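Encoded as structure tokens, the structure appears first; notes follow it.
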Amino acid sequence: QVQLVESGGGLVQPGGSLRLSCAASGSISRITTMAWYRQAPGKQRDFVAIITSGGDTGYADSVKGRFTISRDNAKNTVYLQMSSLKPEDTAVYYCKLTQVSSSYWGQGTQVTVSS
């Protein structure tokens, strides 16, 4: 079993920045993929960013150049640094960990971009 605890969400003005974190605990394999997804009210859950245990990253076109995903393997924590935030970034952001046996989701953290 793997547990994911997210933090860092909140209210921010357009153009501002916010940093999300997700700490994993439990039976974590050496090789894992960690990712961020987001879901706005009434919408599907969409991919945002992904990072492998080796540090390779990928981003959705909508956030490329504005968001940066990183991880601290010693702390089993993944981060999402969000900059130049737009109102359309408003959503519940979810952390996901995938390893050989299964995928696990965090509880989600609300990000609201509004003036």
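Computed from a predicted structure; not experimentally measured.
Residues K64 and D61 are paired through a salt bridge, judged by an N-O separation under 4.0 Å between the basic side chain and the carboxylate.
No continuous path of hydrophobic side-chain contacts links V12 to V92 [ILVMFWY only; heavy atoms under 4.5 Å]. A continuous path of ILVMFWY side-chain contacts below 4.5 Å connects I69 to V63, so both sit in one hydrophobic cluster.
In this structure, the separation between CD on Q13 and CG on L11 is 8.0 Å, given to the nearest 0.5 Å. With rounding to the nearest 0.5 angstrom, the CZ atom of R19 is 12.0 Å from the OG atom of S17.
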Show me the donor-acceptor pairs, under 3.5 Å and distance only, between side chains in residues 21-32 and residues at least two apart or in other chains.
unit_1 : atom_1 : unit_2 : atom_2 : d
S21    : OG     : S7     : OG     : 2.7
S29    : OG     : Q99    : OE1    : 3.1
T32    : OG1    : R71    : NH2    : 2.7

Side-chain donor/acceptor pairs under 3.5 Å, residues 108-115, sequence neighbours excluded:
unit_1 : atom_1 : unit_2 : atom_2 : d
T109   : OG1    : G9     : N      : 3.2
Q110   : NE2    : A91    : O      : 3.4
Q110   : NE2    : T112   : OG1    : 3.3

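In this structure the side chain of W36 reaches within 4.5 angstrom of the side chain of E6, judged on heavy atoms. For the pair L20 and M82, the minimum side-chain heavy-atom distance is below 4.5 Å.
The hydrophobic cluster containing Y79, built from Ile/Leu/Val/Met/Phe/Trp/Tyr side-chain heavy atoms closer than 4.5 Å, comprises no other residue. In this structure, V5 stands alone, with no Ile, Leu, Val, Met, Phe, Trp or Tyr side-chain heavy atom under 4.5 Å from its own, directly or through other members.
If you run side-chain contact (heavy atoms from CB on, under 4.5 Å) between I51 and each of T33, T57, L80, T68, only T57 comes through. Here the options are D46, D89, T90, the test is side chain to side chain donor-acceptor pair (under 3.5 Å), and the partner is R38; only D89 passes.
Remark: D56 pairs with no residue by the side chain to side chain donor-acceptor pair (under 3.5 Å) rule, at least two apart or across chains. Applying the side chain to side chain donor-acceptor pair (under 3.5 Å) test to T98 and every residue at least two apart in sequence or in another chain returns S103.
In terms of heavy atoms, A35 sits closest to I50 at CB-CG1, 3.9 Å. Closest heavy-atom contact between Y94 and G106: CD2-O, 3.7 Å.
Ring geometry for Y37 against F47 counts as perpendicular: the plane angle is over 60°, on a 0 to 90° scale with 30° as the lower cut.
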